[in-house]
Amino acid sequence: MIVHFYTRPGCHLCDDARLMLKLVREDVAFDIKEVDIEEDDTLHEKYMLMIPVIELEDKIIQYGQVDYATILEALLR
């Protein structure tokens, strides 16, 4: 299972989300593919007001303020 994590440098919410993903990964096995939206104009335009964005199988699990329970629930479905 691969979780896409859309982020950008200097984003404090992204730092929090990264830590939350690592906590969830202690309970559920998955890989994190971190994507810097500033390296792709299309992604930057799509996600610039939403980051951090956590996506699984092309569906957004959560964005902005993320929490453990929401991520865990989505991964266990």
State yes or no: do Leu75 and Ile2 share one hydrophobic cluster built from I, L, V, M, F, W and Y residues joined by side-chain heavy-atom distances below 4.5 Å, directly or via other members? no
Given the rule in the side-chain contact (heavy atoms from CB on, under 4.5 Å) test, do Ile60 and Met50 qualify, once you have shown the distances and angles that lead to the verdict?
CA-CA 11 Å; Ile60 294 175; Met50 297 172 63; 3.7 Å; yes
Check your understanding: For Asp41, does the CG atom have more than 12 heavy-atom neighbours from other residues, nucleotides or ligands under 6.0 Å away?
Key -> no
Would you kindly confirm whether Leu56 and Tyr6 end up in one hydrophobic cluster when ILVMFWY residues are joined by side chain heavy atoms under 4.5 Å apart?
no
In this structure, NZ of Lys22 is separated from CD1 of Ile32 (nearest 0.5 Å) by 7.0 Å
Path from Leu72 to Phe5 over hydrophobic side-chain contacts below 4.5 Å = yes
Rounded to the nearest 0.5 Å, the CD1 atom of Ile37 sits from the SG atom of Cys14 at a distance of 7.5 Å
CZ (Arg8) and CD (Glu39) are apart, to the nearest 0.5 Å, by 13.5 Å
Is Glu73 salt-bridged to Arg77, cutoff N-O under 4.0 Å?
yes
Side chains of Met20 and Asp67: closer than 4.5 Å at any heavy-atom pair?
no
Rounded to the nearest 0.5 angstrom, the CG-CD1 distance for Leu43 and Ile51 is 11.5 Å
query = Transitively linked via ILVMFWY side-chain contacts under 4.5 Å: Val3 with Leu23?
reply = yes
Exercise. Same hydrophobic cluster for Leu49 and Ile54, using side-chain heavy-atom links shorter than 4.5 Å among ILVMFWY?
Worked result: no
Are more than 12 heavy atoms, taken from residues, nucleotides or ligands other than Gln65, located less than 6.0 Å from that residue's CD atom? no
CD1 (Ile61) and CD1 (Ile71) are apart, to the nearest 0.5 Å, by 7.0 Å
CG of Leu76 to CE of Met1, rounded to nearest 0.5 Å, is 7.5 Å
